[in-house]
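Please read these numbers as outputs of a predicted model, since none were measured by experiment. Below, chain A is the first sequence line, B the second, and so on; all start at residue 1.
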2 protein chains.
Amino acid sequence: MGLTKTDQFTERQNEIAALAKAIGHPARVAIIEHLLKENSCVCGSIVDALPLAQATVSQHLKELKTAGIIKGNIEGTSICYCINDVVWNKFKGILSALFEEYELSKNKCC
Amino acid sequence: MGLTKTDQFTERQNEIAALAKAIGHPARVAIIEHLLKENSCVCGSIVDALPLAQATVSQHLKELKTAGIIKGNIEGTSICYCINDVVWNKFKGILSALFEEYELSKNKCC
DNA sequence: TTTATTTATCGTAATATTGCAATAAATAGA
DNA sequence: TCTATTTATTGCAATATTACGATAAATAAA
C-alpha cells in the first residue's frame, strides 16, 4: 500500500503524471518561471529568488532534473541550470494534445 | 516542517502547482482521459475502467473535484462526472502562457 | 596548501499521499 | 418498509514529500 501502481497505467498516463507532478509544487513553478525570465540561471540566483533554504531548493532542482524538465551545466564552482528544450517541448505537445481532445469532445453531460 | 509554504509564493504559482498536482498521478490522468473519451461519465464506469478499488478511485475523484478540474451531477443513485469547462480552460490558458514564455525567451545558456 | 564559495547529500521530523477493506449514506424500486 | 445499487467516508498501513540544519564535495583563488 501507499505505492502507486505505475505498471497498471499506460506509458502516456505515467508520462503526463510524472511531468505534471514535477511542476506540482509552487517552489518548482517558481524555479521554472525564474529560468524563463532570468538571463543567468546559476543555481545560487535561484536559491536567492526562492523563500526556501538552500538544501530545500537543491532538492526541488533535483526533482525537476529527474523529471527531465531542467538540466545543469557545471561552470566553475557554480552550476548553470536551464530548461531542457526537448522535454519541455514534449511536455507542451502532450498537454496540447490533451487539451485538444477536450475541444473535440462534444459529450458534455453535466 | 513538511508543510508547503504556500503563503510565500504567488497566487499564480500556487494555482499552476495545484492544477498540475491534480493531474500528477496516472490514475487521475486516466480519469481525465476517460471523461474525454466516453459519452457516459457515470462514476461506476470510471471505477470499471481503472485498475484500482472503488474506494481509491473515489478518493482520486475527490481530489480532481477539489482542484476544480471535474464536477459531478447526481443522477438517481449514481453520479455523472465530467470536466469542469471553466477550470479546464483556465488551466489550458495558464499553461499555454507558460509555454509561450519559453518560446519568447532567448537566453538559453546551456 | 589553505581558505572561501558553491552546490549536493545526509539525517531527521512533520505532514501528505496512496491504496484497500469495511462500512456508511443515499436513493430507486419491489 | 425492505432490499439492492451506487458512491462516499472511515480507519489503517505503507510510502512519499517537504523542509531544514549540518556536513560533505568540488573547485577557484589566495
Participant: Go through it in stages, so that I can follow the logic: the residues are K90(B) and V86(B), the test is side chain to side chain contact (heavy atoms under 4.5 Å, CB included), and I'd like the CA-CA distance, side-chain angles, deciding distance and then a yes or no.
Facilitator: CA-CA 6 Å; K90(B) 185 178 187 176; V86(B) 176; 5.6 Å; no

Participant: Over how many whole Å does the gap from E75(B) atom CD to dA28(C) atom P extend?
Facilitator: 11 Å

Participant: Identify each atom pair where a protein N or O and an N or O of nucleotides 6-9 of chain D are less than 3.5 Å apart, giving names and distance.
Facilitator:
| residue | atom | partner | partner atom | Å |
| --- | --- | --- | --- | --- |
| dT7(D) | OP1 | C43(B) | N | 3.4 |
| dT7(D) | OP1 | G44(B) | N | 3.4 |
| dT7(D) | OP1 | I79(B) | N | 3.2 |
| dT7(D) | OP2 | G44(B) | N | 2.9 |
| dA8(D) | OP1 | Y81(B) | OH | 2.5 |
| dA8(D) | OP2 | S58(B) | OG | 3.2 |
| dA8(D) | N7 | Q54(B) | NE2 | 2.8 |
| dA8(D) | N6 | Q54(B) | OE1 | 2.8 |

Participant: Grab the CG-C1' distance between L64(B) and dT18(C) for me, whole Å please.
Facilitator: 14 Å

Participant: Side-chain contact, heavy-atom cut-off 4.5 Å: I31(A) with Y81(A)?
Facilitator: no

Participant: Roughly how many Å is it from NZ in K5(A) to P in dA16(D), rounded to a whole number?
Facilitator: 15 Å

Participant: Answer whether the closest heavy-atom distance between the side chains of W88(A) and I32(A) falls below 4.5 Å.
Facilitator: yes

Participant: In whole Å, what is the span from the NE2 atom of H60(B) to the P atom of dA16(C)?
Facilitator: 17 Å

Participant: Which residues pass the salt bridge (charged side-chain N to carboxylate O under 4.0 Å, His left out) test with K65(A), not counting sequence neighbours?
Facilitator: none

Participant: Out of dT17(C), dC20(C), dT18(C), which nucleotide sits closest to the side chain of A53(B)?
Facilitator: dC20(C)

Participant: Touch check for I74(A), heavy atoms < 4.0 angstrom, all strands: base, sugar-phosphate only, or nothing?
Facilitator: nothing

Participant: Measure CG/L52(B) against C1'/dC20(C) and give the value in whole Å, please.
Facilitator: 10 Å

Participant: Quick one: N73(A) CG to dA26(D) C1', roughly how many Å, whole number?
Facilitator: 16 Å

Participant: Mind running side chain to side chain contact (heavy atoms under 4.5 Å, CB included) on L36(A) and L98(B) for me, showing each step along the way?
Facilitator: CA-CA 9 Å; L36(A) 291 173; L98(B) 200 68; 4.0 Å; yes

Participant: Closest-nucleotide mapping onto DNA chain D: is G76(A) or P51(A) further toward the 5' terminus? I mean the 5' end.
Facilitator: P51(A)

Participant: Less than 4.5 Å apart, any side-chain heavy atom of Y102(A) and any of L35(B)?
Facilitator: no

Participant: How close or far is atom P of dA16(C) from atom CZ of R28(B), stated in whole angstroms?
Facilitator: 15 Å

Participant: Rounded off to whole Å, could you give me the CD-to-C1' distance for the Q8(A) and dG19(C) pair?
Facilitator: 12 Å

Participant: Which atom names give the shortest non-hydrogen contact between V87(A) and A67(A), and what distance separates them?
Facilitator: CG1-O, 4.1 Å

Participant: Among the candidates dA16(D), dT17(C), dT18(D), find the nucleotide nearest to the side-chain atoms of K21(B).
Facilitator: dT17(C)

